[in-house]
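Report on the following structure.
Model, not experiment: these values are computed from the prediction.
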Amino acid sequence: MGAQLEEIYTIVTNKTGFKGRLRLAVKTGVPRSKAAKEEDTPKLVDTFKKAASEILGNDIDDFL
């Protein structure tokens, strides 16, 4: 559960640091600690991908 969400969190954290990780939590409404427990539903993964792409300034799929 939450494997894709955790991977997105890891990429954003590695590329932008703690500040980017906080922005992802704010944009998605799901903190990292909760992301691991959430189910990787298509809607939630899409929400995370859109938010992460905005934060990174690149398509997150390039890093997945």
Quick one, Asn14 with Phe63, criterion side-chain contact (heavy atoms from CB on, under 4.5 Å). Give me CA distance, side-chain angles, the key distance, then yes/no.
CA-CA 11 Å; Asn14 289 342; Phe63 303 106; over 6 Å; no
Could you tell me the separation between the CD atom of Glu6 and the NZ atom of Lys37, rounded to the nearest 0.5 Å?
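That separation rounds to 10.5 Å.
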Verify same cluster id: Leu22, Val30 (apolar side-chain graph, 4.5 Å):
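They do not share one cluster, since no chain of ILVMFWY contacts under 4.5 Å joins Leu22 to Val30.
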Is it the case that one hydrophobic cluster holds both Leu64 and Leu56, taking links as side-chain heavy atoms less than 4.5 Å apart, direct or via other members?
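In one cluster: yes.
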Would the number of heavy atoms belonging to other residues, nucleotides or ligands and lying under 6.0 Å from NZ of Lys15 be above 12?
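At most 12 heavy atoms, drawn from other residues, nucleotides or ligands, come within 6.0 Å of this atom.
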Can you tell me which residue pairs pass the ring pair (Phe, Tyr, Trp, His ring centres under 6.0 Å) test with a partner in residues 17-43, sequence neighbours excluded?
none
Residue from Thr47, Leu24, Thr28, Asp40 passing side chain to side chain contact (heavy atoms under 4.5 Å, CB included) with Leu5:
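For Leu5, the side chain to side chain contact (heavy atoms under 4.5 Å, CB included) check succeeds only for Asp40.
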Member of Val12, Ile8, Thr10 meeting the side chain to side chain contact (heavy atoms under 4.5 Å, CB included) criterion with Arg32
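The passing option is Thr10.
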Nearest heavy-atom pair of Pro31 and Ala25: which atoms, and what distance?
CA-CB, 4.2 Å
Using the rule given for side-chain contact (heavy atoms from CB on, under 4.5 Å), can you reason through Ile60 versus Phe48, listing the C-alpha separation, both sets of side-chain angles and the distance that settles it, and then say yes or no?
CA-CA 9 Å; Ile60 187 71; Phe48 265 74; over 6 Å; no
Go through the steps to decide whether Lys49 and Asp61 satisfy the test side-chain contact (heavy atoms from CB on, under 4.5 Å), and finish with yes or no.
CA-CA 8 Å; Lys49 284 183 174 183; Asp61 286 324; 3.1 Å; yes
